[in-house]
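Working notes, structure below.
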Amino acid sequence: MASILLGVTGGIAAYKACEVLRLFDKAGHRVRVVMTRTATEFVGPLTFETLSKAPVLTDARPLGEQGSILHIEYADEADVFVIAPCTANVIAKLAQGVADDALSTTALAFTGPVLIAPAMNVNMWHSAPVQGNLEILRKRGMHVVEPSSGDLACGWVGEGRLAEPPEIVEAVLKVLDARKDLARLRILVSAGPTQEKLDPVRFISNRSSGKMGYAVVEAARARGASVTLVSGPVALTKPPGVTVLPVESAMEMKSAMDSRMAEADVVIMAAAVADYRAAAPSDRKIKKDAFEVSISLVRTDDILAGLGKAKRADQVLVGFAAETNDVLAYAGDKLKRKNADLFVANDVSRTDIGFSADENEVHLLFADGRAEKVEKAPKRKIANAILDAVKALHAAKSGRGSDTDRSR
Ligand code: CTP
């Protein structure tokens, strides 16, 4: 599932952007929308908000639901930015780096591939400034989905009609395909909490939302990896194109991970596995009057440590450490003890990152002692940073040397 940012600018063809969004959605991709002020006069943001099930970024609405700065959040999360329709004015702004509204600011903040699907009057399309600006954009690597020829809304006949939605979608998917840098990798990921049964209605669990693990799964899928997700109970939608094995307890998670380990190139333990389970869960609901104050607990198996022992030399094993203090020291120790290649450490004492938050800030600790800080960003961007590190580790292990392609 790719994360697509759709820019809509002010032309009559703006209504066709709804169909573009719908086609991406039908293909299982996640779409976020940014509109210029004029675009909102042609089609209301509510239409796009309903279709994308997310806030639409406009000049009038620069912030997300939790106060996040949407132009940075959407730019950071997206795998590709497509502007359809794109007016002559926005083409000029992109060429010159003008950032005077929500859409052009987002474009400057976005570092991935950009496609534009121009739509305008035939004479505007052929004008020297427009063609000159397009030349600048093409040289910069921007993709142009050429307009078609036909009846134009202005009454003229000729080139300038927005390419048809399926053609725009196909062009975007082609660009994404070319960036599938993890296409040969088989990745096994665990995510979410585990639930350890006390009786048929009660359990021990933790506050993990599964968001970080799911972000890794979605990013890996978007980059072409073949992904198996072993998921504890979470309130997130099943990512499309991924084999999902739902589990509840640590024991079930261990058996799912152990049985799939051999066929994976990379194993990522993002799950927050409960460390304890009831020694003897009751088959019947424990009644208040019979309830002892103390419940006897035993340790669950350490799944990651087991995977570390079974690890082949060509496999990359990644663990996560949630700490409240001495983050690097504790995480470094876990990395060694569990024979992992990489540990992702985050500080869960902060409320703005980790657990249920949409953003995270982590340190990547490598087995050779290197440490890298990944600055606070949406979990999708953090996921891509983790995958960049995984990709380099896998390349080094499989004898292809350290991969320096960090173009994402
Ligand atoms: N892990 C596991 N099996 C467990 C517990 C944890 O596989 N029974 C994995 C987690 O998925 C994570 C890493 O181990 O990748 C976390 O290590 P751990 O030592 O359990 O860290 P914390 O849960 O933070 O534990 P501690 O209470 O020791 O800080």
Side-chain angles (χ1 to χ4, degrees), residues 187-197 203-217 220 227-234 245-261 264 266-279 297-311 315-350 353-356 360-367 374 379 382-383 385-387 389-390 393:
I187 307 188
L188 174 62
V189 183
S190 72
T194 65
Q195 288 179 355
E196 310 303 327
K197 193 173 146 187
F203 55 79
I204 302 174
S205 193
N206 58 61
R207 290 177 51 208
S208 166
S209 64
K211 282 183 183 169
M212 191 62 240
Y214 273 59
V216 170
V217 166
V227 186
T228 300
L229 165 65
V230 174
S231 176
V234 293
L245 307 173
V247 296
E248 278 183 7
S249 65
M251 225 183 272
E252 285 172 19
M253 185 172 275
K254 178 174 169 53
S255 91
M257 293 301 287
D258 286 351
S259 67
R260 299 287 169 136
M261 160 96 176
V266 176
V267 181
I268 303 178
M269 271 301 294
V273 186
D275 289 319
Y276 294 92
R277 63 181 169 83
L297 299 176
V298 291
R299 285 286 292 272
T300 55
D301 284 338
D302 191 320
I303 305 172
L304 181 59
L307 297 170
K309 285 200 182 95
K311 187 175 78 173
Q315 287 178 307
V316 176
L317 185 59
V318 182
F320 276 67
E323 309 290 350
T324 54
N325 54 288
D326 303 308
V327 179
L328 294 185
Y330 280 127
D333 177 54
K334 284 173 188 171
L335 176 126
K336 284 201 196 81
R337 266 195 291 121
K338 303 191 189 209
N339 193 27
D341 301 285
L342 170 67
F343 243 74
V344 182
N346 67 325
D347 182 345
V348 288
S349 67
R350 285 170 56 177
I353 56 171
F355 284 128
S356 298
N360 210 348
E361 178 183 293
V362 301
H363 284 90
L364 303 181
L365 274 78
F366 296 85
V374 186
K379 285 184 172 171
I382 303 278
I386 295 169
L387 291 170
V390 160
L393 286 170

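All values reported here derive from a predicted model rather than from experimental measurement. Atoms within a ligand are numbered from 1 in the order they appear, just like the ligands themselves.
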Inset, instruction - Look only at the side chain of K254 and the backbone of D301, and say whether a donor-acceptor pair between them is shorter than 3.5 Å. - result: no
Legend entry - Test side chain to side chain contact (heavy atoms under 4.5 Å, CB included) applied to I187 and V316, T228, L387, the passing residue: L387
Without placing hydrogens or testing angles, list every side-chain donor-acceptor pair under 3.5 Å for residues 190-197, not counting sequence neighbours.
unit_1	atom_1	unit_2	atom_2	d
S190	OG	A270	N	3.4
S190	OG	A271	N	3.2
T194	OG1	E196	OE2	2.8
T194	OG1	A274	N	3.0
E196	OE2	A250	N	2.8

Legend entry - R337 with D302: basic N within carboxylate O range, under 4.0 Å: no
Legend entry - L317 side chain reached by N339 side chain, heavy atoms, under 4.5 Å: no
Legend entry - E323 side chain near K334 side chain, heavy-atom distance below 4.5 Å: yes
Go ahead and list the nitrogen or oxygen contacts between ligand 1 and the protein that come in under 3.5 Å, distances to 0.1 Å, or just say none.
unit_1	atom_1	unit_2	atom_2	d
ligand 1	3 (N)	I303	N	3.0
ligand 1	7 (O)	I303	N	3.3
ligand 1	7 (O)	L304	N	2.7
ligand 1	8 (N)	T300	OG1	3.3
ligand 1	8 (N)	D301	O	2.9
ligand 1	11 (O)	M269	O	3.4
ligand 1	11 (O)	A271	O	2.7
ligand 1	14 (O)	K338	NZ	3.0
ligand 1	15 (O)	M269	O	2.8
ligand 1	15 (O)	F320	N	2.9
ligand 1	15 (O)	F320	O	3.3
ligand 1	17 (O)	K338	NZ	3.0
ligand 1	19 (O)	K338	NZ	3.1
ligand 1	21 (O)	K334	NZ	2.9
ligand 1	24 (O)	A322	O	3.4
ligand 1	24 (O)	K334	NZ	3.0
ligand 1	29 (O)	K334	NZ	2.9

